[in-house]
> 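Questions regarding the structure given below will be posed in turn.
Residue indices begin at 1 and follow the sequence shown.
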Amino acid sequence: MKKLNVTFILALLIALFGASCEKKLNIFSVDDDIQFGAQFDQEIMANPEFIILSENQYSEAYSMINQFKNNLLATGKIDYADRFNWKVRIIRDDATINAFAVPGGYLYFYTGLIKALDNEAEFTGVMAHEMAHVARRHSTAQLTKAYGIDLMLSMLLGKNSNQWVNIAAQLASGLAELQFSRSDEFEADKYAVNYTYPTEWDARGVADFFRKMDSQTTTPVFLSTHPADKDRISRVEKEWSALGGKQGEYFESRYIQFVNSLQ
């Protein structure tokens, strides 16, 4: 009977997945997000290709970046604000303009991205975008799609428990990469505006970030994993206007202090 139930569930999931490519099928629980994120973070911290700045040595930088994060979480707009870990890591790599997040609230920012921006509004726009991917659980939905329902279901049933470690290691080493869908990116942009709007920052920061990336002579890594779209800036502007069009602050001088704390 147990085998029959599993087979039936698998068939049902496949049917649901095939019914519409617009549906976001995610067979993981929130606890699974937390477990996978913790495993991924362990792999990142153990991987010599990633130079993670020490929180003790760079206490000022971490104090400022954690304040950005905490101000966003304090808005009450972010799902799982009190349940996910929301851990920030700064990766030393001035040549790479990139940021990424994984399930459970782990956020990674390259020094190259931090130094490429001009103000807090731009940076918190990017941070809010990454937090939206986490809160909307886009990553585990993409894991379901990328690795297949059969494998994911067997992992959840405990038949391939070590696969968590294998997938986390592959992603951490760059052997595999989760690509967000166009709708995921639009949704993350929209929620980035909603997350930053109640704060003192200007909520159009993520749009300013895309404009800045557009002016780069070479395509930043961020845009290879979060593809740009000509509609994204206009969508951000429309969402901001729909919320009331409040003019926020940019805090250029404070941001310079943040950048300087990384030296």
> Apply side-chain contact (heavy atoms from CB on, under 4.5 Å) to Ile51 and list each qualifying residue two or more places apart in sequence or on a separate chain.
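side-chain contact (heavy atoms from CB on, under 4.5 Å) list for Ile51, sorted by chain: Arg92.
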> How would you list, by chain and number, every residue that makes a ring pair (Phe, Tyr, Trp, His ring centres under 6.0 Å) with Phe100, sequence neighbours excluded?
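Only Tyr108 meet the ring pair (Phe, Tyr, Trp, His ring centres under 6.0 Å) criterion with Phe100.
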> Measure from NZ or CZ of Arg235 to the centre of the six-membered ring of Phe186 and say whether it is under 6.0 Å with the direction within 45° of the ring axis.
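Checked: cation-pi criterion met.
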> Just so I know, are the side chains of Pro103 and Thr140 near enough to count as touching, which here means a heavy-atom distance under 4.5 Å?
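Yes - at least one pair of side-chain heavy atoms lies under 4.5 Å apart.
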> If you measure from CD on Glu120 to OG on Ser253, what distance do you get to the nearest 0.5 Å?
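It is 8.5 Å, given to the nearest 0.5 Å.
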> Could you work out, with side-chain hydrogen bond (donor to acceptor under 3.5 Å, both in side chains) as the rule, every residue matching Asn194, not counting sequence neighbours?
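Testing Asn194 for side-chain hydrogen bond (donor to acceptor under 3.5 Å, both in side chains), a comparison that skips the adjacent residues, returns Glu239.
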> Taking all non-hydrogen atoms of both residues, which atom of Gly125 and which atom of Ala192 are closest, and how far apart?
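Gly125 and Ala192 have their closest heavy atoms at O-CB, 3.9 Å.
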> In terms of side-chain heavy atoms, does Glu187 have a donor or acceptor partner in His138 at a distance below 3.5 Å?
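There is such a pair (donor and acceptor under 3.5 Å, judged by atom type) between the side chains of Glu187 and His138.
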> Listed by chain and number, what are the side-chain contact (heavy atoms from CB on, under 4.5 Å) partners of Glu200, not counting sequence neighbours?
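Scan of Glu200 (side-chain contact (heavy atoms from CB on, under 4.5 Å), adjacent residues dropped) gives Phe251, Arg254.
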> Who passes side-chain hydrogen bond (donor to acceptor under 3.5 Å, both in side chains) against Gln247, sequence neighbours left out?
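Once residues adjacent in sequence are excluded, the partners of Gln247 under the side-chain hydrogen bond (donor to acceptor under 3.5 Å, both in side chains) criterion are Arg204.
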> Return the CG to OG1 distance between Asn119 and Thr124, rounded to the nearest 0.5 Å.
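One finds 8.0 Å between CG of Asn119 and OG1 of Thr124.
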> Do Asp41 and Val102 pass the side-chain contact (heavy atoms from CB on, under 4.5 Å) test, and can you show the C-alpha distance, the side-chain angles, and the key distance before you say yes or no?
CA-CA 8 Å; Asp41 188 63; Val102 296; 6.0 Å; no
> Return the set of residues passing side-chain hydrogen bond (donor to acceptor under 3.5 Å, both in side chains) with His226 (not counting sequence neighbours), or none when no residue passes.
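His226: side-chain hydrogen bond (donor to acceptor under 3.5 Å, both in side chains) contacts with Glu130.
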> Ignoring hydrogens, what is the shortest heavy-atom contact between Tyr191 and Ala132? Give both atom names and the distance.
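Shortest heavy-atom separation between Tyr191 and Ala132 comes out as CB-CB, 3.7 Å.
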> Considering residues at least two apart in sequence or located in another chain, which fulfil the ring pair (Phe, Tyr, Trp, His ring centres under 6.0 Å) criterion with Phe258?
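Residues passing ring pair (Phe, Tyr, Trp, His ring centres under 6.0 Å) with Phe258: Phe68, Phe123, Tyr255.
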> Would you compute the distance between atom CG of Asp202 and atom OG1 of Thr196 and round it to the nearest 0.5 angstrom?
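So the gap between those two atoms works out to 8.0 Å.
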> Does the side chain of Val236 reach to within under 4.5 Å of the side chain of Val206, using non-hydrogen atoms?
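Sidechains of Val206 and Val236: in contact.
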> Can you pull out every salt bridge (charged side-chain N to carboxylate O under 4.0 Å, His left out) where at least one residue sits in residues 242-252? Sequence neighbours excluded, please.
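Output for this query is empty, none listed.
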> Under a 3.5 Å cutoff, is there a donor and acceptor pairing between the side chains of Gln35 and Asp31?
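There is no such pair (donor and acceptor under 3.5 Å, judged by atom type) between the side chains of Gln35 and Asp31.
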> Hey, does the side chain of Asn47 reach the backbone of Glu49 with a donor-acceptor pair shorter than 3.5 angstrom?
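Yes.
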> For Lys77, is the NZ atom crowded, meaning more than 12 foreign heavy atoms sit under 6.0 Å from it?
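No, because the 6.0 Å sphere around NZ of Lys77 holds 12 heavy atoms or fewer from other groups.
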> Which of these passes ring-ring contact (aromatic ring centres under 6.0 Å, His included) with His133: Phe180, Phe84, Tyr106?
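Looking at Phe180, Phe84, Tyr106, the match for His133 under the ring-ring contact (aromatic ring centres under 6.0 Å, His included) is Phe180.
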> Please list all pairs meeting salt bridge (charged side-chain N to carboxylate O under 4.0 Å, His left out) that have one or both residues in residues 110-119, counting only residues at least two apart or in different chains.
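Found Asp94-Lys115, Asp118-Lys212.
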> Taking all atoms of both residues into account, what is the closest heavy-atom pair of Ala61 and Ile90, and its distance?
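Heavy-atom minimum between the residues: CB-CD1, 4.3 Å.
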> Not counting sequence neighbours, which residues clear side-chain contact (heavy atoms from CB on, under 4.5 Å) with Lys238? List them please.
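Once residues adjacent in sequence are excluded, Lys238 has no partner under the side-chain contact (heavy atoms from CB on, under 4.5 Å) criterion.
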> Please tell me whether Ile256 and Ile97 are part of a single hydrophobic cluster in this structure, the criterion being side-chain heavy atoms less than 4.5 Å apart.
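Looking at the clustering, Ile97 is in a separate group from Ile256.
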> Sequence neighbours excluded, which residues qualify as ring pair (Phe, Tyr, Trp, His ring centres under 6.0 Å) partners of Phe210?
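Once residues adjacent in sequence are excluded, Phe210 has no partner under the ring pair (Phe, Tyr, Trp, His ring centres under 6.0 Å) criterion.
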> Is there a side-chain contact between Leu72 and Met131, using heavy atoms and a 4.5 Å cut-off?
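Yes, at least one pair of side-chain atoms sits under 4.5 Å.
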> Should Val259 and Ile91 be counted in the same cluster of Ile, Leu, Val, Met, Phe, Trp and Tyr side chains packed under 4.5 Å apart?
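Yes.
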> Can you tell me how far CZ of Phe209 sits from CG of Leu223, rounded to the nearest 0.5 angstrom?
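Atom-to-atom, Leu223:CG and Phe209:CZ are 6.0 Å apart.
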> Mind checking what makes side-chain hydrogen bond (donor to acceptor under 3.5 Å, both in side chains) contact with Asp208, not counting sequence neighbours?
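Arg211.
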> With salt bridge (Lys or Arg N to Asp or Glu O under 4.0 Å) as the criterion, how do Lys190 and Glu185 come out once you've worked through the C-alpha distance, each side chain's angles and the decisive distance to 0.1 Å?
CA-CA 9 Å; Lys190 174 183 176 180; Glu185 294 297 350; over 6 Å; no
> Can you tell me how far apart CG (Leu107) and CZ (Arg89) are? Round to the nearest 0.5 Å.
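Separation between the atoms: 10.5 Å.
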> Please check: side-chain N/O of Trp86 versus main-chain N/O of Tyr80, any donor-acceptor pairing under 3.5 Å?
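Judged by distance alone, yes, a pair lies under 3.5 Å.
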> Are Asp33 and Arg137 ion-paired here, with the side-chain N under 4.0 Å from a carboxylate O?
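Yes, this pair counts.
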> Are side-chain heavy atoms of Arg232 and Glu237 found at a separation under 4.5 Å?
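Counting from C-beta outward, Arg232 and Glu237 never come under 4.5 Å.
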> For Ser234 and Asp231, which I'm curious about, is there any donor-acceptor pair between the side chains at under 3.5 Å?
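Side chains of Ser234 and Asp231: no pair found under 3.5 Å.
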> Give a yes or no on whether Phe40 and Val221 share a hydrophobic cluster (residues Ile, Leu, Val, Met, Phe, Trp, Tyr; joining criterion: side-chain heavy atoms under 4.5 Å apart).
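As far as the 4.5 Å side-chain criterion goes, Val221 and Phe40 are not connected within one cluster.
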> Do the side chains of Ile114 and Phe50 join up, straight or via other hydrophobic residues, at under 4.5 Å, putting them in one cluster?
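Yes, Ile114 and Phe50 fall within the same hydrophobic cluster.
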> Quick one: do Phe109 and Met127 satisfy side-chain contact (heavy atoms from CB on, under 4.5 Å)? Show the steps, please.
CA-CA 9 Å; Phe109 299 92; Met127 176 178 273; 3.8 Å; yes
> Indicate yes or no for a side-chain donor-acceptor contact from Thr111 to the backbone of Asp93 under 3.5 Å, with no hydrogens or angles considered.
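Checking the backbone N and O of Asp93 against the side chain of Thr111, a donor-acceptor pair under 3.5 Å is found.
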> Can you name the nearest heavy-atom pair linking Tyr197 to Leu243, along with the distance?
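In terms of heavy atoms, the two residues are closest at OH-O, 3.2 Å.
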> State whether Asp79 and Arg136 are salt-bridged, where the test is any N-O pair (Lys NZ or Arg NE/NH1/NH2 against Asp/Glu carboxylate O) under 4.0 Å.
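Counted as a salt bridge, because a side-chain N and a carboxylate O are separated by less than 4.0 Å.
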> Restricting to non-hydrogen atoms, name the atom on Ala101 and the atom on Ser139 that form the minimum distance, rounded to 0.1 Å.
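Nearest heavy atoms, Ala101 then Ser139: O-OG, 4.0 Å.
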> Mark yes or no for whether Tyr62, through its side chain, and Leu53, through its backbone, hold a donor-acceptor pair below 3.5 Å.
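Side chain of Tyr62 to backbone of Leu53, a donor-acceptor pair under 3.5 Å: yes, one is there.
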> Could you measure the distance from the OH atom of Tyr58 to the CG atom of Leu262? Nearest 0.5 Å is fine.
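Interatomic distance, Tyr58 OH to Leu262 CG, rounded to 0.5 Å: 7.5 Å.
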